[in-house]
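Convention: sequence-line order gives letters A, B, ...; per-chain numbering from 1. Keep in mind that this is a model prediction, so the values were computed, not measured.
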Number of protein chains: 2
Amino acid sequence: MRENRSQYAILSLLRLGPMSGYDIKTACESFFSHFWTESFGSIYPILNQLENRQQVRSYEDDKRTGGRNRRVYQITSAGRKALRAWLSKPPVQRSLRDELYLKLFNATLVPADVHRSHIEQLQTQLIALKQDLAQHMRELKAQHSASPDYTHWRLVVRAGQLSCDARLKWCREALAELSDQ
Amino acid sequence: MRENRSQYAILSLLRLGPMSGYDIKTACESFFSHFWTESFGSIYPILNQLENRQQVRSYEDDKRTGGRNRRVYQITSAGRKALRAWLSKPPVQRSLRDELYLKLFNATLVPADVHRSHIEQLQTQLIALKQDLAQHMRELKAQHSASPDYTHWRLVVRAGQLSCDARLKWCREALAELSDQ
DNA sequence: CCAGGCATGTAACTGGTTACATGATTTG
DNA sequence: CAAATCATGTAACCAGTTACATGCCTGG
């Protein structure tokens, strides 16, 4: 059984307060950036499904300034219950696929420069990610250190940092090894 | 454009020598275990597609002992060329989705034990993975240290090790933080 | 004789992305 | 007025998984 997880990502954000589909996308990009993504093509249809199942409720957000009308969703107790049920199940590892390593596995088929530049690109992305995560951590401390969620949110960001550092270390090792040949 | 990557995983293995669909699955599990998976449901149809495109050739493997007849595939120069073309393109990061962190984000909704046990489960898996990777590294050294692929294959395993260690470190930190509360 | 490993294949499904269509309002 | 931002939605697509069907041969 392969369950749609987008619904739980959406409910996770909705439990923080009422949001529109657009807000959910934005919140996803800021809160979940380093471990989860959602697209509009999932968000809007799933919000409708959740409403049919009475796991969210919505209302038209009238009298607002800028942009077209918004529909704002809020989680219901049925929604919270569904989220809780999912949380209790052990997380399942979905298939793992890392293109970089698959390419590196075949490195001898193309000039060495190719892979060096792929790794350098990754390194650049990771350096940017490292700064994002540091910034994220500072904001978390400043805005949520009193929240009961703080410990867990901190751990989530911390996981990103450790993983990012490990990959950066690998990039340095790999580049060193690939150049002295 | 979202390209089917299974075909390249299959070509990657086929460049090491002729294999059946079954062999490919097995090789995938041993060579790629920590960064790539394939299922029979992809392998067999894709082998046919590759043959139609003349990127692989096949023959019936008669007079063998045990099991039913095998069809053995070998890569052609067109196949090698297609693989090379893909290798040169920068690897694209496909959407990132880690259930554990999404669950942890909502940790306050369920008893603390739930997440502790999820993390302990992960820790157990990672310890097993660490041993697998160490074993894999030893075999690599023993069997392929003379091969031109050795440096790259070593780096691929090394990436798994660094990532595994980083995640283990996170598990320890997380469990420490979640228990003294 | 049956469980398990070897072996091939197909059908059904779906999660999730991409691209497109549409439109209001603000700002430079 | 064009571009950017806010905002919602749908249609098409497909990569990849799961489940099922089938069958040979070996060893306990």
- prompt: Taking for each residue the nucleotide of DNA chain D with the nearest heavy atom, is it B:Asn4 or A:Val72 whose nucleotide lies nearer the 5' end?
  reply: A:Val72
- prompt: For the helix from C:dC1-D:dG28 to C:dG28-D:dC1, what is the angle between the axes at its two ends, each from 5 pairs, rounded to 10°?
  reply: 20°
message: So that I can tick it off, tell me whether B:Glu51 and B:Arg57 are bridged by a salt bridge, with the cut-off set at under 4.0 angstrom between side-chain N and carboxylate O.
response: no
Residues 87-95 of chain B, side-chain donor-acceptor partners within the protein, below 3.5 Å, at least two apart:
| from | atom 1 | to | atom 2 | distance (Å) |
| --- | --- | --- | --- | --- |
| B:Ser88 | OG | B:Arg84 | O | 3.1 |
| B:Arg94 | NH2 | B:Glu3 | O | 3.2 |

message: Filter on salt bridge (Lys or Arg N to Asp or Glu O under 4.0 Å), then keep only pairs touching residues 18-31 of chain A, sequence neighbours left out; what's left?
response: A:Asp23-A:Arg70, A:Lys25-A:Glu29
message: Taking side chain to side chain contact (heavy atoms under 4.5 Å, CB included) as the definition, give me every residue that meets it alongside A:Ser147, ordered by chain and number, with sequence neighbours left out.
response: A:His144, A:Asp149
- prompt: Restricting to pairs with a member in residues 154-164 of chain B, which pass salt bridge (Lys or Arg N to Asp or Glu O under 4.0 Å), not counting sequence neighbours?
  reply: A:Glu173-B:Arg158, A:Glu177-B:Arg154
message: Tell me if a side-chain donor or acceptor on B:Ser145 pairs with a main-chain N or O of B:Ala142 at a distance below 3.5 Å.
response: no
N/O-N/O pairs, protein side and nucleotides 20-22 of chain C side, under 3.5 Å:
| from | atom 1 | to | atom 2 | distance (Å) |
| --- | --- | --- | --- | --- |
| C:dT22 | O2 | A:Arg68 | NH1 | 3.4 |

message: Please confirm whether the shortest side-chain N or O distance from B:Arg2 to OP1 or OP2 of C:dT17 is below 4.0 Å.
response: no
Distance in Å, B:Ile43 CD1 paired with B:Ile24 CD1, rounded so as to fall on 0.5 Å steps: 6.0 Å
- request: Go through residues 91-99 of chain A and report each residue with a non-hydrogen atom lying under 4.0 Å from DNA chain D, sorted by number.
  value: A:Ser95, A:Arg97
message: Any residue in residues 6-38 of chain B with a heavy atom nearer than 4.0 angstrom to DNA chain D? Just list them by number, or reply none.
response: B:Ser6, B:Thr37
- request: State which residues pass side chain to side chain contact (heavy atoms under 4.5 Å, CB included) with A:Glu60; sequence neighbours excluded, sorted by chain then number.
  value: A:Asn69, A:Arg71
- prompt: Using a heavy-atom distance cut-off of less than 4.0 Å, which residues of residues 39-51 of chain B contact DNA chain D?
  reply: B:Ser39, B:Gly41, B:Ser42
- prompt: B:Ala9: what forms a side chain to side chain contact (heavy atoms under 4.5 Å, CB included) with it, not counting sequence neighbours?
  reply: A:Leu102, B:Phe32, B:Trp36, B:Glu38
query: Excluding sequence neighbours, so at least two apart, what forms side chain to side chain contact (heavy atoms under 4.5 Å, CB included) with A:Ile127?
result: A:Gln123, A:Leu168
